[in-house]
Amino acid sequence: MTGKLVKFFSSVKLTVFLFLVLAATSILGTLVRQDLPLETQRSLYSPTVFSVLNFFNAFDMYHSWWFTALLVLLALNIIVCTRRQFARIGKLVFGSREHFDDAVFRTSPIRRKYPVRGDIETIRRESDDIVRELISAPATKTSADSFFMYAEKGRYSRLGMPFVHISVLLILFGGVIGTLFGFIGQMNIIEGEQSREVTLYGDRETKNLEFDVRCDKFTVDFYETGMPREYRSDLSIVDRGGETLASNAVRVNHPFVYEGLKFCQASYGIAGALNYLVGVRNEETGEKLNLRIDAVTEMSLPDGEAVLVLAKFLPDYKGQGPTVLAALVGPGEKRDMFRIFRDGSRFNRVRKSGLTFSLKDFDVLYYTGIQVSRDPGVVFVWTGFILIILGFVLHLFFSHKRVWVKLSGSPENYELWVAASADKNRKALEEKLDGLIAGKLAVEQTT
Amino acid sequence: MNDTFFVSIATFIYFFSFFLMLLCVIFKKRFLERAALSFAAIGFTIHTVSIVLRWILSYQMGVGHAPLANFYESLVFFSWSIMFVYLIARNRYPNVFIGIISVFFAFIILSYTSLSGGVDSAIKPLIPALKSNWLISHVISSFLAYACFAIAFGSSVLYLIKIKVQPAIVPDAATLDEVTYRMISVGFVMLTLGIITGAAWADSAWGRYWGWDPKETWSFITWLIYGAFLHVHLARGWRGVKLSLISITGFVAVLFTYIGVNYLLAGLHSYL
């Protein structure tokens with residue numbers, strides 16, 4: 001049973017199958033929106049289609065049980081295959097650096113045999129030169145009428161592929177840790193205010209932080225073309241006692257990290273306005289004056305007892321630009337509610353009191369949308385990323401080359417045996433070897 | 001002088017180089033191939049000048065950034081990457097057909113930038129999301145990957161033509177098969193690098209390294225397809241037609257990742 005399981009999980013067929021199934025199902029997740037609440041999804045599909053999609057968790061498919069199961073199968077597949085691969089290469093990578101075995105002259109992919117004559121010391125020196133140039137200084141066993149040399153280079157390049165596969169495991173593991181122990185959500189904070197409540201993405205539940213986050217200031221500035229240049233929130237971390245623990249600016253691409261929590265600039269919006277400058281014109285006398293009105297106070301008009309109250313600000317009212325809802329309460333009169341538009345707008349009509357109001361200036365009050373996240377798995381993911389690059393470098397730019405040279409026979413007819421192997425680009429090694437032998441060894445070549 | 005002027009010159013030179021390569025295939029004259037290669041190299045130099053000039057111009061306009069930030073710039077850089085990969089691969093595979101594929105793609109892509117009305121070639125300032133040190137490494141690794149996959153796609157298509165139609169002028173199928181494999185193995189590493197740099201960028205810009213945004217998901221799909229290609233090639237010993245079909249499917253995924261996602265699906269990665 002275990003044997004069958006191991007066989008199942010060590011098959012490359014399974015890998016390829018999982019790759020293709022993961023690819024095919026991932027396409028589904030890009031066709032069905034993943035970022036909408038369930039109620040919105042319900043309105044997008046017919047009841048039957050909706051229930052089928054919902055049954056298969058298609059609205060949050062990358063976190064569904066079946067997608068997770070596919071990834072778990074892939075992880076098992078990688079574990080079993082990498083273990084098997086280690087069993088195969090372990091000795092080559094971590095074994096002895098002196099590898100004297102006659103079998104290589106029968107089994108190696110590159111094999112040569114030359115009859116040679118002459119002084120053994122000369123032959124040994126020439127062979128040594130060849131091995132040095134081909135690979136590196138050899139380990140040599142010598143006796144009176146024979147020698148055996150072995151040299152190798154780049155044994156660690158064999159770790160390239162195992163590294164790549166282990167990295168994928170690390171990345172998957174980091175993903176699991178992040179899903180289980182991390183969170184991600186957003187908080188909208190009006191300038192000058194503070195909050196500790198984060199609305200989590202996905203299920204829209206809320207989570208309270210250990211401290212408050214205050215938005216000291218939000219600024220957005222634009223290029224001359226009207227394109228946004230920079231969004232910036234100045235945030236402070238405030239503890240329960242009201243003490244500021246840290247302050248930092250958050251810009252897009254420049255998050256603020258505090259105690260493992262990451263704050264990113266995600267969105268912004270207009271929450272209201274402050275410090276209105278309202279122009280008042282008396283249509284009978286032509287008299288004009290400007291009133292500086294803060295958002296909340298009631299302002300008595302100088303001519304009498306009428307009081308102007310500003311209520312709700314809208315950044316844009318039906319394409320007519322910014323407007324503020326106002327109420328004018330005169331002595332003994334009914335409350336008059338109207339909107340004040342920008343100076344010059346034809347919508348600023350004469351009110352009952354004979355006055356015309358216009359919006360001359362105001363300061364926009366922004367709220368900033370800060371994304372808050374914590375991901376304890378990210379360290380595994382980064383390690384995986386570094387290791388995968390290291391693995392590819394080892395695999396692509398290095399190869400494990402080995403060469404054996406043996407002299408046997410008697411002084412009248414020595415035999416020089418040469419064997420070599422390389423796990424990559426064997427042809428190049430073979431050509432170099434033959435070139436060196438032809439150039440450096442004075443031998444009669446027979447094949 | 002405008003950078004798009006140099007792009008137009010490079011476009012014409014690539015076309016001429018392509019034309020010479022075709023002649024070389026038909027008349028089998030070595031000097032034609034040498035001439036075609038010289039033109040390809042000159043075209044590539046001018047192409048490089050256009051990119052450097054655009055970079056400098058953006059600084060003179062006060063909105064300085066690497067010219068890798070919108071659809072036009074990505075197309076120019078995509079075709080540049082194809083030529084770059086070709087000129088390096090040429091040392092090992094001095095095969096005129098790899099040249100034909102590469103110069104053809106480079107020419108077609110550059111022509112599209114000037115002939116299609118939909119590609120705005122004006123230099124624009126960077127939006128906040130693109131102001132990152134990851135921009136250069138992410139874009140370069142991604143487009144080198146796309147370039148390798150494009151050449152692999154071309155050689156796979158040629159392979160299928162060779163197998164099915166057997167025209168005498170197309171080189172031996174084994175070379176094409178080998179080129180497809182080499183291009184995909186290098187492309188796969190570059191794609192992995194592109195995804196990693198993208199993840200690192202996403203982590204600082206959007207607060208998470210992976211969020212199943214359509215662009216991310218499609219890069220993952222592409223990675224899986226080419227991953228499957230490498231596994232069946234290395235571990236199962238697949239060669240030939242089946243492998244070519246995977247390579248072609250992979251390139252469809254590349255095109256969808258590069259362009260399709262932005263026009264058909266909604267997501268964060270809206271600037272290509």
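Protein chains get the first letters and strands the later ones, always in sequence-line order, with residue 1 at the start of each.
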Taking the side chain as every heavy atom from C-beta outward, state whether [X] and [Y] have any pair of such atoms under 4.5 Å apart.
X: B:I225; Y: B:F251; result: no
X: A:V176; Y: A:L172; result: no
X: B:F143; Y: B:L68; result: no

Counting neighbours of [atom1] on [X] that are heavy atoms of other residues, nucleotides or ligands and sit closer than 6.0 Å, is the number greater than 12?
X: A:F183; atom1: CZ; answer: yes
X: A:F86; atom1: CZ; answer: yes
X: A:F222; atom1: CZ; answer: yes

Exercise for the section: Check whether A:L396 gets within reach of chain B through its side chain, its backbone, both or neither, counting any heavy atom under 4.5 Å. Expected result: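 For A:L396, side-chain heavy atoms alone lie under 4.5 Å from chain B.
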Problem - Leading residue by heavy atom contact count with chain B [cutoff under 4.5 Å; candidates A:A266, A:G384, A:P228, A:G182] - result: A:P228
Fill in the blank from the handout: Given A:L20, A:I184, A:V381, the one with more heavy-atom pairs under 4.5 angstrom with chain B than any other is A:V381
Handout entry: Distance in Å, B:I101 CD1 paired with B:I82 CD1, rounded so as to fall on 0.5 Å steps
Key =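 One gets 10.5 Å once the value is rounded to the nearest 0.5 Å.
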Cross-chain donor-acceptor list, chain A x chain B, under 3.5 angstrom:
| residue | atom | partner | partner atom | Å |
| --- | --- | --- | --- | --- |
| A:T30 | OG1 | B:W218 | NE1 | 3.1 |
| A:Y223 | OH | B:L126 | O | 2.7 |
| A:Y223 | OH | B:K131 | NZ | 3.4 |
| A:R229 | O | B:K131 | NZ | 2.9 |
| A:N253 | OD1 | B:W201 | NE1 | 2.9 |
| A:N253 | ND2 | B:P128 | O | 3.2 |
| A:N253 | ND2 | B:A129 | O | 2.8 |
| A:N253 | ND2 | B:K131 | O | 3.0 |
| A:K262 | NZ | B:D203 | O | 3.4 |
| A:K262 | NZ | B:D203 | OD1 | 3.2 |
| A:K262 | NZ | B:D203 | OD2 | 2.5 |
| A:Q371 | NE2 | B:W206 | O | 2.3 |
| A:S373 | OG | B:G207 | O | 3.0 |

Practice task
Pick one of side chain, backbone, both or neither for B:A202, based on which atoms fall under 4.5 Å of a heavy atom in chain A.
Solution key: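 Contact with chain A is absent: no heavy atom of B:A202 under 4.5 Å.
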Handout entry: Contact origin within B:F188 toward chain A - heavy atom pairs under 4.5 Å
Key = side chain
Handout entry: Under the side chain to side chain contact (heavy atoms under 4.5 Å, CB included) test, residues paired with A:F173 that sit two or more places apart
Key = A:I177, A:F380
